[in-house]
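Everything numeric here is computed off the predicted structure, so don't read it as measured data.
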Amino acid sequence: MKTPANLTYAVDDRPPLAVTVLSGLQHVGIIAIALVYPLLLGREVGLPAHQIADVLGTTMLVLGIGAVLQSLARGGIGAGFLCPPVCTAGYLAPSLLAAKTGGIALAFGMTAFAGLIEVALSRLLRPLRPYLPPEVSGLVVVLIGVSLGSLAFRSLLGTGLPQSEQLPHFAVAAVTLGTMVGLSVWSRGTPRLFCALIGMAAGYAAAAASGLLTAAALETVQAAELVSMPGLAAFGWVWDASFALAFGIAAVANCVRTIGDITICQKINDADWVRPDMRSISGGALASGLTNVLGGALGSHGTSTYTSSVGLAAATGVTSRYVGYAIGGIFIALAFMPKAAAVFLIMPAPVIGAATLFTSAIIFLNGLQIITSRLLDARRTFVIGLSFMAAMAIELYPDFFTALPSSVTVFFGSSLVLGTVTALALNLVFRLGVRRTQKLVVDPRNVNPDAIETFLEAQGAAWGARRDVIDRASFDLQQSIETIVDACAPASPLEIEASFDEFNLDLRVSYDGPPLEMPERRPTNEEIIASDEGARRLAGFLLRKYADRVQATHKAGRATILFHFDH
C-alpha cells in the first residue's frame, strides 16, 4: 500500500492525541446530524420524551461500539479503515412502517433480523461478487452523494421558510460552507485537518448572531441531565415475517453501500489501488451487520457505514483508523451525557446543510471514479443509466411515489433503495447471454494489431473488466503474436482463447509449430548476440514479465502459451 501525497495521516498512522481527539469530534459532529432519524421514529410512534432520550442514548452507544469494530479488523471483523457507522435513512422507512403497525419493539426486532442478513451476506461476498460488481457499488455511492446533496440544499436554502427568514438562513450556510471549503482547499496544517469542525463552529457563531440559534434551543441544552444511564433493551423486540422483505431489501442495500464505502477507503489510502480487497470489505460488512444485530437487541435505530465520514477523512487528509477509536469513545461517553449530546441535537439547519453538502461533493466524485474504473459496454451502460434515472425520479417526482399502494412502498421509499434494487435486477438480467470465454483466430501471414486490440476491448467491456488489466493484456497479446510469428514460423493460424471471471483473465495462444521458450532468467548479452535463439529467449523473457503468470506447453507438435492476469 502506497500512501497518497495528499494524506497527512494514513490508515495505519498514529496521529498525536490532540489531532486524534479533535478529528474524532468533527466526525461525531457530522454523524450526530443523522440522530434526527431515531428522534423522528420516536416522535412518530408517540413515545414520551424520556423514552426518546433512551432511544437516542442507546443509538449513540451502538454507534460508538460500531466505530470501534470497523477500525479493529481483528478476527475477520471490521474493515480496518476509518469508516464509522451512522443512523441510516435506508432503515427509516421500514422502521416507521413496522413501528406504526406493531410498535417500536417490532422495528427493533426487524432491525436485528436485517443485521443477521447483513452478517450472512458478508460471508458470501466472494461468490456473490459477480452480482455485486464495482460499477453497482459506485452507483450506490453516487446515489448517496446525490441524495445527501439534495437534502443539503433543502436545509441550506431554507426551503419552506418565509422569504424574510431565507436570507439569514442562506447567509449562515454560506459562512459554514465557505469556511469548510476554503480551509480544505487553500490552508495547510491544522486548519485543513479540522476544516469541518472549524466550519461548524463558525456556523454556530453565525447562527447565534443572526438569531437562528434561539434561546429555546440553548435552554434545551441547559435542561438536559449531565449524566444519565440510557434504558438499554427497554422496549424488547418482536419479529414479524410480513416485514421480512422490507428489511431484507434494506439490508441488501446497506451491504452494497458498505462495499462502496470501504472501496472508497481502500482507494483514498492507496495511491497504487487497482482492485477492491474483498477480505477487508467482508470484515467491514460483518461489522456493519453485527452493529445492527446489537442495535436491534438494545433498542437502537438501524445503522450503516457513513460515506460522509469517508469523504470528510479524504478532505482533511486524516484517514487514520485510530480516529475511529476516538469516535467510538466520544459516542460511548455521549450516550451517558445527555447535556453534551444536546449540543449536537440543536445544530442549526443551515449548518447541517452546509456540512452535508461539503461531504456529498467528495462522495459523488468518488462514486464516479469507481464506476469508470471498469470498461462499460451497452449492457452495463444501461444498468447504470437506467438505475440512476429511476432513482432520480423519486427525487424529482416524490408525490407520485408517495401515492403508490403501501404494498410496494418498500421499493420506492428512497432514491437509494430504488436505484440499488433496479441496478441489482438489471445486472442480473443483462448477465444473460454474456459468454465468459471468447475465441479469435489470427492468420500469421496477415496479423492485424487493431483487430486484436478491438477484440479484447469489446470483451473487456462486456465482462466489466478493469481498464488497466485489459490494456496490459492487449499489449502482451499483440507482442506475443508478433514474437511467435517472427521466431516460431507457425504452420497454422493462431487460436486465441480469452476467458474471464471476476478474479482472473486468462489468454491462451495455440498454434502448430515449435514452442516459444519463456525463461524466468534474462539471457545474458553474450547469449543474445551469439544467435537468434538468444534473441527469441529474450523476447520470451519480456513477455513473461507483462503477465502475472505464464505457462508454456508443447504436445504433439502443438504449442500453447497461457498468460494469466490477476483481476
Nearest-0.5 Å distance that lies between atom [atom1] in [X] and atom [atom2] in [Y]:
X: Leu41; Y: Thr59; atom1: CG; atom2: OG1; result: 9.0 Å
X: Glu135; Y: Asn427; atom1: CD; atom2: CG; result: 6.5 Å
X: Arg257; Y: Tyr306; atom1: CZ; atom2: OH; result: 8.0 Å
X: Arg380; Y: Leu426; atom1: CZ; atom2: CG; result: 12.5 Å
X: Ile371; Y: Ile384; atom1: CD1; atom2: CD1; result: 5.0 Å

Which residues share a side-chain contact (heavy atoms from CB on, under 4.5 Å) with [X], sequence neighbours left out:
X: Arg14; answer: Tyr322
X: Ala349; answer: His169
X: Val175; answer: Thr179, Ala202, Ala206
X: Cys83; answer: Asp261, Ile262, Cys265, Thr305, Val310

Between Leu125 and Ile259, does a side chain to side chain contact (heavy atoms under 4.5 Å, CB included) hold up when you go through it step by step? CA-CA 9 Å; Leu125 287 184; Ile259 293 172; 3.9 Å; yes
Does any non-hydrogen side-chain atom of [Y] lie less than 4.5 Å from one of [X]?
X: Ser300; Y: Leu298; value: no
X: Phe358; Y: Cys195; value: yes
X: Asn254; Y: Asn292; value: yes

Can you tell me if Asp13 and Ser320 form a side-chain donor-acceptor pair at under 3.5 Å?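 Distance-only check fails for Asp13 and Ser320.
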Ignoring hydrogens and angles, state whether a donor on the side chain of Ser309 or His27 is under 3.5 Å from an acceptor on the partner side chain.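 A pair is found: one side chain offers a donor N or O, the other an acceptor, under 3.5 Å apart.
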At their closest point, which heavy atom of Thr258 faces which heavy atom of Ser304, and how far apart are they?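 Between these two residues, the closest heavy atoms are OG1-OG, 4.4 Å.
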If you take all heavy atoms of Ala391 and Leu143, which pair is closest and at what distance?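 Closest approach of Ala391 to Leu143, heavy atoms only: CB-CD2, 3.5 Å.
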Begin with the C-alpha distance, continue with both residues' side-chain angles, and end with the deciding distance and a verdict on side chain to side chain contact (heavy atoms under 4.5 Å, CB included) for Phe382 and Ser387. CA-CA 8 Å; Phe382 282 116; Ser387 301; over 6 Å; no
How would you list, by chain and number, every residue that makes a salt bridge (charged side-chain N to carboxylate O under 4.0 Å, His left out) with Glu219, sequence neighbours excluded?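 Once residues adjacent in sequence are excluded, Glu219 has no partner under the salt bridge (charged side-chain N to carboxylate O under 4.0 Å, His left out) criterion.
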[X] side-chain N/O to [Y] backbone N/O, donor-acceptor pair under 3.5 Å:
X: Ser282; Y: Arg279; value: no
X: Ser71; Y: Leu82; value: no
X: Glu118; Y: Ala285; value: no
X: Ser122; Y: Val119; value: yes

Taking side chain to side chain donor-acceptor pair (under 3.5 Å) as the definition, give me every residue that meets it alongside Asp12, ordered by chain and number, with sequence neighbours left out.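 Checked Asp12 against side chain to side chain donor-acceptor pair (under 3.5 Å); matches are Arg321.
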Test side chain to side chain donor-acceptor pair (under 3.5 Å) applied to Asn269 and Thr319, step by step: CA-CA 7 Å; Asn269 279 281; Thr319 61; 2.6 Å; yes
